[in-house]
Amino acid sequence: MSGVSGGAPRAVLHDIRYSRFTGALRPRRSAVGSFVASGVRRPLGLRRSAGAKVWPFLLLAVAYLPALAVVAVPLLVPAVQVQPTDLIDYPQLLTTNSVVLLAFVATSVPSMLTRDRRDRVLSLYFATALSWFEYVLGVFLAAAALLAIIVLGPMLVLFVGSIATADAPGAWFADNVGDLPRIVAAAALVVLFHTSLGLAIGSLTSRRVFAVGGYLAVVLVGPALTGVVAAVTGDEWPFSLDPSSGPIRLATTFVGGGLGDPGLLAWFVWVVVVVGGLGVLAGRYARGSDA
């Protein structure tokens, strides 16, 4: 028998002492950065199988297609003397991509929190690597970055494409550079609203299907209810309560309008959803448990 001498087992001593870590210690903000990076990669299917990339990249292609198409026309056909913003402006681009945005949020943002709750690793995170606030901040920044790709990206493509197709690019940029802050502000309104709403709903369950279903219920039932109220009252103010079109209506006021004045009620709903969503996240994770 191996390890036996003279009928008696041979005693073996193993050095199992813990040794001091001698590597370079990274700052705590690197933990937040790791959550942001992993939070962006996972919904996009990066470092995963090819099948996991089909749906997110299909939505990205649909979101960028209108902006790329109107930029390509004057670039590929020099005889066409038209600016991309004459073919589709920023409010129209926001409205066109609203359905893509809802589909992207529903399939990515609410479920960004469910896996850690399901695997019951939150208490481990909070006891060692990072605090609950840093965890929530990392996930929130990741979700916001994802939505910015869908909302802000196409508008920036339209803006840069307009510079490239202008007869005098420098003069066009000087005349329209003021649009950039308004474009960013419009995108921020939409991104913050749906990030807060999606994560707040996702924080309430550990099941991905319930998180996705809960978000879809809000953004699909909301328009139906507001439409009924608007039909009964004969007024447009109920549309300010719509979680699907309300943020878009607010955003278009920054980039030229087009959907009418959303009114103060739409701003009130936006503040309630964003602040309330952040409050739900704080309430769910400040306890430092997986419950």
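Just so you know, residue 1 is the first one in the sequence shown, and it goes up from there. Note: hydrogens, waters and symmetry copies are ignored here, and every other heavy atom, side chains too, is used.
With hydrogens and angles left out, the side-chain atoms of Asn97 and Tyr64 include no donor and acceptor closer than 3.5 Å.
The shortest non-hydrogen separation linking Pro84 to Leu158 is CB-CD1, 3.6 Å. Ala211 and Thr205 make their closest contact through N-CG2, 3.7 Å (heavy atoms, listed as atom of the first residue, atom of the second, distance). The two residues Val109 and Leu199 come nearest to each other via the heavy atoms O-CD2, 3.6 Å. Phe193 approaches Pro243 most closely through the heavy-atom pair CE2-O, 3.5 Å. Considering all non-hydrogen atoms of both residues, Pro247 and Asp242 come closest at CD-O, 3.9 Å. Heavy-atom minimum distance, Trp55 versus Ala103: CZ2-CB, 4.2 Å.
Phe133 and Met112 fall within a single hydrophobic cluster, where Ile, Leu, Val, Met, Phe, Trp and Tyr are joined by side-chain heavy atoms under 4.5 Å apart, directly or via other members. No path of Ile, Leu, Val, Met, Phe, Trp and Tyr side chains, each step under 4.5 Å between heavy atoms, connects Val160 with Leu65, placing them in separate hydrophobic clusters. Both Val275 and Leu189 belong to a single network of hydrophobic side chains, linked directly or stepwise wherever heavy atoms of I, L, V, M, F, W or Y lie under 4.5 Å apart. If you chain together hydrophobic residues whose side chains sit under 4.5 Å apart, Val99 and Val191 never meet in one group. Follow the hydrophobic side-chain contacts under 4.5 Å out from Val40 and you never reach Val54; the two are in separate clusters.
Grouping Ile, Leu, Val, Met, Phe, Trp and Tyr residues whose side-chain heavy atoms lie under 4.5 Å apart, directly or via other members, places Val209 in a hydrophobic cluster with Phe210. Under a 4.5 Å side-chain heavy-atom criterion applied to ILVMFWY residues, the cluster that includes Val280 comprises Leu204 as well.
Here the OH atom belonging to Tyr135 is positioned 5.0 Å from the CG atom belonging to Leu113, to the nearest 0.5 angstrom. Note that CG of Asp116 is 7.5 Å distant from OH of Tyr285, once rounded to the nearest 0.5 Å. Taking CZ from Arg117 and OG from Ser203, the interatomic distance works out to 6.5 Å, rounded to the nearest 0.5 Å. Between atom CZ of residue Arg41 and atom CG of residue Leu146 there is a gap of 11.5 Å, rounded to the nearest 0.5 Å. Here the straight-line distance linking atom OG of Ser108 with atom CG of Leu59 works out to 8.5 Å at 0.5 Å rounding. Atoms CG and CD1, from Leu102 and Ile150 in turn, are 11.0 Å apart once rounded to the nearest 0.5 Å.
Here the side chain of Ser98 pairs a donor or acceptor atom with the backbone of Thr95 at under 3.5 angstrom. Judged by distance alone, with hydrogens and angles left aside, the side-chain atoms of Ser131 form a donor-acceptor pair with the main-chain N or O of Glu134 at under 3.5 Å. Remark: the backbone N or O of Ser111 is paired with a side-chain donor or acceptor of Thr114 at under 3.5 angstrom. Under a 3.5 Å cut-off, the side chain of Asp119 and the backbone N or O of Val121 do not form any donor-acceptor pair. Without hydrogens or angle criteria, Arg208 side chain to Thr107 main chain gives a donor-acceptor distance under 3.5 Å.
Using a 4.5 Å heavy-atom cutoff, the side chains of Leu180 and Val184 are not in contact. Under the 4.5 Å side-chain criterion, counting only non-hydrogen atoms from C-beta, Val212 is not in contact with Ile201. Counting heavy atoms from C-beta outward, Trp270 and Leu192 have side chains that approach closer than 4.5 Å. You'll find the side chain of Val269 stays beyond 4.5 Å of the side chain of Ser240, heavy atoms only. Contact annotation: the side chain of Leu147 never approaches that of Val190 to less than 4.5 Å [non-hydrogen atoms, C-beta and beyond].
The side-chain hydrogen bond (donor to acceptor under 3.5 Å, both in side chains) analysis of residues 157-177, with sequence neighbours excluded, yields the pairs Gln83-Thr165.
With sequence neighbours left out, Asp179 forms a salt bridge (Lys or Arg N to Asp or Glu O under 4.0 Å) with Arg182. Partners of Thr96 under the side-chain contact (heavy atoms from CB on, under 4.5 Å) rule, at least two apart in sequence or in another chain, are Pro66, Ile88.
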- Query: Hey, mind stepping through Leu141 and Phe35 against side chain to side chain contact (heavy atoms under 4.5 Å, CB included) and telling me if it holds?
  - Reply: CA-CA 9 Å; Leu141 291 177; Phe35 268 95; over 6 Å; no
- Full working for side chain to side chain contact (heavy atoms under 4.5 Å, CB included) between Phe254 and Tyr90: CA-CA 10 Å; Phe254 283 83; Tyr90 301 113; over 6 Å; no
- Message: For a side chain to side chain contact (heavy atoms under 4.5 Å, CB included) check, start with the C-alpha distance between Val271 and Trp267, then their side-chain angles and the critical distance, and finish with the verdict.
- Response: CA-CA 6 Å; Val271 171; Trp267 285 105; 5.5 Å; no
- Message: Checking Leu94 against Val151 for the side chain to side chain contact (heavy atoms under 4.5 Å, CB included) test, could you report, in this order, the C-alpha distance in whole Å, the side-chain angles of both residues, the deciding distance, and whether it holds?
- Response: CA-CA 7 Å; Leu94 281 169; Val151 180; 3.9 Å; yes
Residues 213-227, side-chain donor-acceptor partners within the protein, below 3.5 Å, at least two apart:
unit_1: Tyr215; atom_1: OH; unit_2: His194; atom_2: ND1; d: 2.8
unit_1: Thr226; atom_1: OG1; unit_2: Gly222; atom_2: O; d: 3.0
unit_1: Thr226; atom_1: OG1; unit_2: Pro223; atom_2: O; d: 3.0

